[in-house]
Amino acid sequence: MADIDNKDQAEMDPADMEDVEEVEEEETGEDENSKARQLTVQMMQNPQILAALQERLDGLNGSPSGYMESLPKVVKRRVNALKNLQVKCAHIEAKFYEEVHELERKYAALYQPLFDKRSDIVKAAYEPTDEECEWKADEEEELTVSKQDEMKEKAKLEEEKKDEEKEDPKGIPEFWLTVFKNVDLLSDMLQEHDEPILKHLQDIKVKFSDPGQPMSFTLEFHFEPNDFFTNTVLTKTYKMRSEPDESDPFSFDGPEIMSCTGCTIDWTKGKNVTLKTIKKKQKHKGRGTVRTVTKTVPNDSFFNFFAPPEVPENGELDEDSEAVLAADFEIGHFIRERIVPRAVLYFTGEAIEDDDDDYDEEGEEADDEEGEEEADEENDPDYDPKKDAAPPAECKQQ
């Protein structure tokens with residue numbers, strides 16, 4: 001409506017505009033409270049304004065209260081002693097996480113043979129035995145023995161028919177591509193031109209830093225030979241820190257990713273999906289002639305993941321780079337903690353269903369708590385339902 005009003009005003013002559021301005025001023029005077037309420041509602045529906053307000057409120061969290069200022073000097077000294085103890089606790093916690101990292105490294109070596117076998121099955125380097133392929137169904141899904149035998153026979157006949165019609169697929173086709181497409185955090189990075197390349201992804205491995213070295217981990221993406229690049233492995237290394245910041249020791253909450261390093265992709269000529277060529281027409285200012293200029297510009301792609309922004313020595317980044325790195329750190333952590341250990345469950349979608357169930361349960365618990373509160377209020381002899389009645393329309397708009 002605002003655009004239409006502006007257009008109408010633009011088409012009026014100055015005399016008419018003066019009349020309109022006078023009328024608007026009169027209406028503003030008569031209905032100022034109503035417009036103020038409407039403006040408040042519009043502002044609260046604006047996500048940018050809400051984010052700014054939330055940031056301001058977050059800035060207030062942890063700020064010293066007036067109570068601390070009112071304490072006697074001798075009590076403040078004792079509080080300072082407690083804070084010094086808290087700093088020592090933070091340093092002990094840092095040591096704890098360093099030992100956790102050592103345990104992760106130890107158990108990663110135990111997991112790896114299983115992950116290697118998973119990779120062999122996916123890429124058809126190993127065919128699992130009948131015993132390895134047996135999977136016990138949930139009790140709800142269990143069928144009678146006769147029904148199972150009947151279904152097995154039917155499935156066998158269907159498989160034989162399919163074998164006659166087409167060649168048996170090798171391994172588990174598009175395993176990792178399916179995993180990526182099933183996870184929102186990763187599918188948001190995928191472009192249509194990335195999919196043919198990710199069909200060649202055979203495995204993702206996590207490598208931890210060696211003992212005695214600074215804490216870090218590397219994601220290795222293993223590809224079969226393909227027409228897009230000559231690399232067989234693409235890497236992404238995340239450097240971590242597990243020690244309190246001297247300037248703000250109380251903010252320590254476990255290891256944090258400090259920086260990350262990608263790798264150079266050796267693209268086959270004409271196959272680099274991280275770049276695209278555009279044509280632009282340019283007009284000469286003097287002669288008025290037009291020429292077409294070809295320009296290469298960045299292109300959205302999952303493979304930009306391997307070229308993160310560089311963190312300068314002073315650690316200062318612009319807002320866009322900070323946002324990219326924050327998302328990058330989250331993705332790297334998620335691949336390491338969830339995707340690699342539970343890949344088959346993300347392939348089938350079961351891990352995603354489990355995540356959804358967790359959110360549903362939280363919602364149900366919240367509903368139950370609200371119901372209990374309502375019941376308590378109704379059983380309270382002093383409960384006055386009028387106090388909980390809906391406010392007038394004016395208050396509701398605010």
Shortest non-hydrogen pair, Gly262 vs Lys236, comes out as CA-CD, 3.9 Å
With Lys95 via side chain to side chain contact (heavy atoms under 4.5 Å, CB included) - residues at least two apart: Glu98
Let me check something: any side-chain donor-acceptor pairs from residues 225-234 under 3.5 Å, sequence neighbours excluded? List them with distances.
from, atom 1, to, atom 2, distance (Å)
Asn226, OD1, Phe228, N, 2.8
Asn226, OD1, Phe229, N, 3.0
Asn226, ND2, Glu224, O, 3.0
Asn231, OD1, Asp266, N, 2.8
Asn231, ND2, Thr264, O, 3.1

Are the side chains of Lys207 and Glu220 in touch, meaning some heavy atoms are under 4.5 Å apart? yes
Any donor-acceptor N/O pair, Asp328 side chain to Ser259 backbone, under 3.5 Å: no
Minimum side-chain heavy-atom gap Asn299-His193 below 4.5 Å: yes
If you apply the rule side chain to side chain contact (heavy atoms under 4.5 Å, CB included), what do you find for Arg78 with Val75, and how did you get there? CA-CA 5 Å; Arg78 294 166 189 153; Val75 176; 4.3 Å; yes
Report the residues that fulfil side chain to side chain contact (heavy atoms under 4.5 Å, CB included) with Lys295, sequence neighbours left out, ordered by chain and then residue number. Ile278, Val297
Between Ile352 and Leu345, is any pair of side-chain heavy atoms under 4.5 Å apart? no
Cluster question for you: counting only ILVMFWY and a side-chain heavy-atom cut-off of under 4.5 Å, with indirect links fine, are Tyr67 and Val74 together? yes
When you group the ILVMFWY residues by side-chain heavy-atom contacts below 4.5 Å and let the links chain together, are Val324 and Ile331 in the same group? no
Residues in side chain to side chain contact (heavy atoms under 4.5 Å, CB included) with Lys279, at least two apart? Thr292, Thr294
Quick one: which of Phe175, Phe347, Phe302, Tyr346 gives a ring-ring contact (aromatic ring centres under 6.0 Å, His included) with Phe180? Phe302
Measure across Lys276 and Pro298 and return the closest heavy-atom pair with its distance rounded to 0.1 Å. CE-O, 4.0 Å
The reported gap from CG in Leu190 to CZ in Phe303 (rounded to nearest 0.5 angstrom) is 9.0 Å
Validation: residues 102-110 side-chain donor-acceptor distances under 3.5 Å, sequence neighbours left out:
from, atom 1, to, atom 2, distance (Å)
Glu102, OE1, Arg105, NH1, 2.5
Glu102, OE2, Arg105, NH1, 2.8
Glu104, OE1, Arg336, NH2, 2.7
Glu104, OE2, Arg336, NH2, 2.8
Arg105, NE, Ser209, O, 2.6
Arg105, NH2, Ser209, O, 2.5

Please determine if Arg342 and Glu350 form a salt bridge, counting it only when a charged side-chain N lies under 4.0 Å from a carboxylate O. no
What are the two closest heavy atoms between Tyr238 and Gly332, and how far apart are they? OH-CA, 3.4 Å
Are the side chains of Lys181 and Glu195 in touch, meaning some heavy atoms are under 4.5 Å apart? yes
Same cluster (ILVMFWY, side-chain, under 4.5 Å), Phe217 and Leu185: yes
Check side chain to side chain donor-acceptor pair (under 3.5 Å) between Asp210 and all other residues, then give those that pass, not counting sequence neighbours. none
For Lys239, does the NZ atom have more than 12 heavy-atom neighbours from other residues, nucleotides or ligands under 6.0 Å away? no
Quick one: list whatever passes side chain to side chain contact (heavy atoms under 4.5 Å, CB included) with Ala90, sequence neighbours left out. Pro244
Student check: side-chain heavy atoms of Leu82 and Gln86 closer than 4.5 Å: no
Taking every non-hydrogen atom, the tightest pair across Asn182 and Gly349: ND2-N, 4.4 Å
Is the backbone N or O of Ala125 less than 3.5 Å from a side-chain atom of Asp120, with the two atoms forming a donor-acceptor pair by type? no
Expected output: side-chain Thr129 to main-chain Glu132 donor-acceptor under 3.5 Å: yes
d(Cys260 SG, Phe306 CZ) to nearest 0.5 Å is 11.5 Å
Between Met189 and Asp194, what is the shortest heavy-atom contact and its length? O-OD2, 3.8 Å
Is any side-chain heavy atom of Val122 less than 4.5 Å from a side-chain heavy atom of Asp203? no
How long is the gap from CG on Asn304 to CD on Gln191, to the nearest 0.5 Å? 9.0 Å
Could you walk me through whether Val206 and Leu219 pass the side chain to side chain contact (heavy atoms under 4.5 Å, CB included) test, one step at a time? CA-CA 5 Å; Val206 180; Leu219 301 177; 3.9 Å; yes
Classify the ring geometry between His101 and Phe208 as parallel (under 30°), tilted (30 to 60°) or perpendicular (over 60°). perpendicular
Partners passing side chain to side chain donor-acceptor pair (under 3.5 Å) against Asp116 (at least two apart in sequence or in another chain): Gln112
If two hydrophobic side chains count as joined below 4.5 Å and joins carry through other members, does Val79 share a cluster with Val87? no
Residue pair Ile335 / Ile204, side-chain heavy-atom distance below 4.5 Å: yes
Test of understanding: with ring-ring contact (aromatic ring centres under 6.0 Å, His included), list the residues that count as partners of His222, not counting sequence neighbours. none
Please report the closest heavy-atom contact between Lys76 and Leu71, naming both atoms and the distance. CE-O, 3.3 Å
Would you indicate whether the side-chain heavy atoms of Phe221 and Leu198 approach each other to under 4.5 Å? no
Of all residues at least two apart in sequence or in a different chain, which pass the ring-ring contact (aromatic ring centres under 6.0 Å, His included) check with Tyr111? Phe115
Sidechain-backbone polar pair: Trp176 side chain, Gln202 backbone, donor-acceptor under 3.5 Å: yes
Which residues pass the side chain to side chain donor-acceptor pair (under 3.5 Å) test with Arg241, sequence neighbours left out? Glu256
Who are the ring-ring contact (aromatic ring centres under 6.0 Å, His included) partners of Phe329, not counting sequence neighbours? none
In Å and rounded to the nearest 0.5 Å, what is the OG1 to CG distance from Thr274 to Asp300? 10.5 Å
Which value, rounded to the nearest 0.5 Å, describes the distance between Lys117 atom NZ and Ser119 atom OG? 13.0 Å
